[in-house]
Structure formats: structure tokens, C-alpha cells
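Convention: sequence-line order gives letters A, B, ...; per-chain numbering from 1.
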Number of protein chains: 2
Amino acid sequence: MAAHRERSRCPIAYCLDVLGDRWTLLILRDLAFKGRRYFRDFLGASEGISTKILTDRLQRLERGGLAVKAPDPTDRRRAKYFLTDDGLDLLPVLIEMIIWGTHRHLDPELSAERLARVSGDRAGTIRRYREEHIAEREIALQEVS
Amino acid sequence: MAAHRERSRCPIAYCLDVLGDRWTLLILRDLAFKGRRYFRDFLGASEGISTKILTDRLQRLERGGLAVKAPDPTDRRRAKYFLTDDGLDLLPVLIEMIIWGTHRHLDPELSAERLARVSGDRAGTIRRYREEHIAEREIALQEVS
DNA sequence: CAATTTAACTTGCAAAAGGAAAGTGACAAG
DNA sequence: CTTGTCACTTTCCTTTTGCAAGTTAAATTG
């Protein structure tokens with residue numbers, strides 16, 4: 001996709017080199033908010049990604065420095081995936097998408113409380129998810145060394 | 001794309017029904033930040049969208065209630081496109097993408113001032129773009145009546 | 001220990017989406 | 001009226017995705 005078009009100077013276009021496809025964003029969501037870590041966890045998401053696309057997108061995220069893989073010391077066939085610090089810098093984008101999607105789609109009555117909580121304290125929400133992710137990541141990476 | 005998969009309950013997944021492709025996001029950028037209004041304006045963006053994809057995406061945005069078309073009273077062959085209020089609700093997402101893209105890609109020295117300005121006052125930036133867009137849209141829609 | 005299962009991919013084929021360029025119909029200009 | 005412009009539309013080819021089966025290495029079972 002990066003080879004698709006000459007890269008323009010606009011930051012959104014650059015951002016889209018990484019994010020301009022649905023599957024990548026869903027994987028980021030799973031990593032950031034759903035605690036999915038193993039390959040098979042992502043397969044379990046309800047959107048039904050194929051193994052081929054999942055493999056491709058995880059590799060892209062790794063190569064692009066947005067995700068990292070910590071081999072599982074208890075089972076060498078598998079590894080846990082985590083967002084890097086650069087990957088975590090996308091949390092604000094993802095949070096705004098949640099807010100927009102919630103506001104537009106779900107029953108306003110049911111979502112009012114949740115929406116108010118997240119949008120009322122974006123920075124707090126982001127910081128919480130970030131810190132939890134980093135803590136889990138560091139532990140997983142240490143177990144490998 | 002909406003028919004692609006059973007729609008999940010996750011707001012991000014719903015958001016991606018609208019936003020899960022690169023071209024749509026680039027068009028939203030053009031509408032929101034670059035003042036592009038006419039069909040040919042979007043063709044002029046450096047990413048080089050084809051007329052087929054542009055037509056398709058503009059129609060999707062209209063059908064989805066995110067964009068509206070005001071016929072040009074001076075030339076019946078063309079119309080001006082604008083974001084609706086729902087479309088403008090995506091500004092926070094786009095702004096966060098700009099911030100992320102700027103931070104990650106461009107020379108930090110050159111972008112430090114711009115980045116600081118936008119991220120330092122997200123709400124102010126969003127409000128400014130929103131109000132300008134609405135003002136221009138209302139004028140264009142009135143000229144039609 | 002061998003057989004079976006599991007986990008993460010990989011492959012093959014069909015369908016869908018996108019790219020490039022030419023074509024079409026309606027409107028505008030001279 | 002002829003020619004040019006504008007917004008699409010069509011055609012053909014390439015790329016990506018969807019679906020399902022296949023492969024390899026590691027783990028588990030008996």
C-alpha cells in the first residue's frame with residue numbers, strides 16, 4: 001500500500017499508509033481495548049478475519065514498528081502481540097472512533113453513560129489503557145529474556 | 001462493505017463500515033481541511049483517486065448522511081459537496097490522525113510549532129473548522145433555494 | 001515412544017475491489 | 001451551431017480479499 005502511490009506530504013495520507021484498511025484498525029482495536037494477544041485471539045473476533053489477512057497485517061504492524069511479538073515461554077508455537085509506544089500513540093484516534101461510532105449507532109439511552117465517561121475524560125481513558133498495556137508488554141518481554 | 005460481514009456491536013467496527021477505506025478518509029480530509037468542494041477538486045489531490053472510486057465514495061458519503069451536495073447555481077453540471085453535521089462529528093478522528101501522522105513522519109523541528117498548536121487546542125481547532133464549514137455550507141444550500 | 005491434536009501460518013482458486021484510460025451525455029462558451 | 005467542459009460510466013486488467021484446504025512444528029495423549 002505504501003508503494004501504491006507517491007507519498008503525499010499530508011499527515012493524514014501518511015497515517016493512512018498505516019491505517020488505511022479495515023483489518024488493521026480492527027486488529028489495533030483488539031490489541032488496545034480487547035486484550036487480544038495470541039494469533040488465535042484475533043481469529044476469534046466477530047468480524048471473521050482470515051488467517052492470511054491476519055498474518056499479513058500483523059507482519060505489517062511489526063515491520064512498521066507499531067506492534068511487537070513476545071514469544072510465549074510456555075508454548076513455543078505461539079507468541080503474544082503488543083502495541084509499541086508508537087502503536088499506543090494511535091489510542092487517541094481509536095478513542096475518537098469509538099466515541100463517533102457509539103454516538104451514531106447505538107441507542108443513545110443505553111450508551112449515554114458510557115459515552116459520557118469516555119468523552120468526558122479522553123486523556124484519562126487513554127492514559128489508563130496505555131499504562132496497562134505497557135505493564136503487560138514489559139512483563140511478557142522480560143519473561144523471554 | 002456493510003454487507004460484508006454481520007455487523008458487530010463494537011463501535012469501532014461500526015465506524016469502520018463508514019471509514020474503513022483509504023479513499024473515504026482522504027475525501028473527508030479534503031472536505032474538512034482543504035476546502036475542496038467540486039468533483040474535480042478531489043481529482044486534483046495528490047493521491048490520484050480515479051473518477052470511478054471518487055464517484056462511488058461521494059455517493060456512499062451522501063447515502064450515509066455524512067456529506068451533502070449543493071448544486072452550483074452558476075453551472076448546472078456541477079455541485080459543491082459539504083460535510084453534514086454527522087460528517088463534521090468525524091473531525092476529532094481526523095485531527096487525531098493528523099497529530100499522529102505529523103508526529104511520526106515529518107521532521108520534528110519543522111512540525112513542532114504546528115503540532116503544538118493543533119494538539120494544544122484540539123477543541124478550538126475542531127470548533128473553528130466546524131463553524132467555517134457550516135457557514136459555507138449554509139450559504140451554498142441557500143443559493144439553491 | 002508413536003499417534004494425534006494444536007497453533008500458526010501458507011497455498012490455491014474464485015470473487016471483489018481498485019487502477020488506468022477511453023467513452024458518454026448534459027451543459028456551457030464562443 | 002460547433003467545440004469544449006464537467007461529471008460521471010464503462011471496459012479491461014491487476015491487485016486484494018474471502019474461503020477452504022494444506023503444511024510444518026510443537027504439544028499432548030495414551
Side-chain angles (χ1 to χ4, degrees), chain A residues 1-8 13 16-27 30-31 36-63 67-82 140 143-144, chain B residues 1-8 13 16-27 30-31 36-63 67-82 140 143-144:
Chain A
M1 198 164 56
H4 204 66
R5 219 32 94 185
E6 175 191 316
R7 185 181 300 170
S8 69
L16 292 181
D17 288 343
V18 174
L19 289 194
D21 87 284
R22 182 165 176 267
W23 294 116
T24 301
L25 284 158
L26 289 170
I27 292 166
D30 288 347
L31 282 167
R36 291 199 169 104
R37 299 288 178 260
Y38 296 115
F39 190 91
R40 74 184 177 198
D41 293 342
F42 302 104
L43 292 178
S46 62
E47 293 82 14
I49 190 171
S50 71
T51 56
K52 182 165 70 171
I53 299 296
L54 178 56
T55 300
D56 179 64
R57 295 300 190 277
L58 285 172
Q59 286 175 359
R60 286 193 200 180
L61 286 171
E62 276 187 90
R63 283 198 310 264
V68 70
K69 205 173 166 180
D72 188 332
T74 67
D75 187 344
R76 288 174 50 197
R77 292 172 300 180
R78 66 188 194 178
K80 283 186 176 182
Y81 290 87
F82 294 96
E143 288 177 335
V144 176
Chain B
M1 197 161 57
H4 205 66
R5 214 41 87 186
E6 175 189 313
R7 185 181 300 169
S8 70
L16 292 183
D17 289 342
V18 174
L19 289 193
D21 89 285
R22 183 164 177 267
W23 294 117
T24 300
L25 282 159
L26 288 170
I27 292 167
D30 287 348
L31 281 168
R36 293 200 168 105
R37 299 288 179 261
Y38 296 115
F39 191 89
R40 74 185 177 197
D41 293 342
F42 303 103
L43 292 179
S46 62
E47 293 82 15
I49 190 172
S50 71
T51 57
K52 181 167 69 174
I53 300 297
L54 178 56
T55 299
D56 178 65
R57 296 299 190 281
L58 285 172
Q59 286 175 359
R60 284 194 201 180
L61 286 171
E62 276 188 89
R63 282 198 310 262
V68 69
K69 206 171 165 181
D72 187 334
T74 67
D75 187 341
R76 286 175 52 198
R77 291 172 301 180
R78 64 187 194 177
K80 283 185 174 181
Y81 291 88
F82 293 96
E143 289 177 332
V144 178

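For the pair B/Arg37 CZ and D/dA7 C1', the computed distance is 18 Å after rounding to whole Å. Distance CZ (A/Arg22) to P (D/dT16): 18 Å, rounded to an integer number of Å. Between A/Ile49 atom CD1 and D/dG18 atom C1' the separation is 11 Å, expressed in whole Å. Between the CG atom of A/Leu54 and the P atom of D/dC19 there is a distance of 15 Å, given to the nearest Å. Between B/Phe42 atom CZ and D/dC8 atom P there is a gap of 11 Å when expressed in whole angstrom units. Distance B/Asp56 CG to D/dA7 C1': 15 Å, rounded to the nearest Å. B/Ile53 places its CD1 atom 16 Å from the C1' atom of D/dA7, with the value rounded to the nearest Å. One can place CG of B/Asp21 at 10 Å from P of C/dG19, the figure rounded to the nearest angstrom.
In this view, B/Phe82 and B/His133 satisfy the ring-ring contact (aromatic ring centres under 6.0 Å, His included) rule, not counting sequence neighbours. For the salt bridge (charged side-chain N to carboxylate O under 4.0 Å, His left out) test, residues two or more places apart in sequence or in another chain that qualify with B/Asp75 are B/Arg77. B/Asp41 pairs by the salt bridge (charged side-chain N to carboxylate O under 4.0 Å, His left out) definition with nothing, not counting sequence neighbours. For A/Arg40, the salt bridge (charged side-chain N to carboxylate O under 4.0 Å, His left out) test picks out no residue, with sequence neighbours left out. Take B/Ala79 and apply the side-chain contact (heavy atoms from CB on, under 4.5 Å) test, not counting sequence neighbours, and it matches B/Lys69.
Phosphate proximity of D/dG18 to A/Trp23: present, with a side-chain N or O under 4.0 Å from OP1 or OP2.
Nearest to the side-chain atoms of A/Arg57 among the listed nucleotides D/dA26, C/dC27, D/dT17 stands D/dT17.
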- Item | Letter per nucleotide, 5' to 3', of nucleotides 3-11 of chain C [B base touched, S only sugar-phosphate touched, - untouched; heavy atoms, 4.0 Å] | ---BSSBBB

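Within the 4.5 Å cutoff, the side chain of B/Thr55 has heavy atoms near those of the B/Gln59 side chain.
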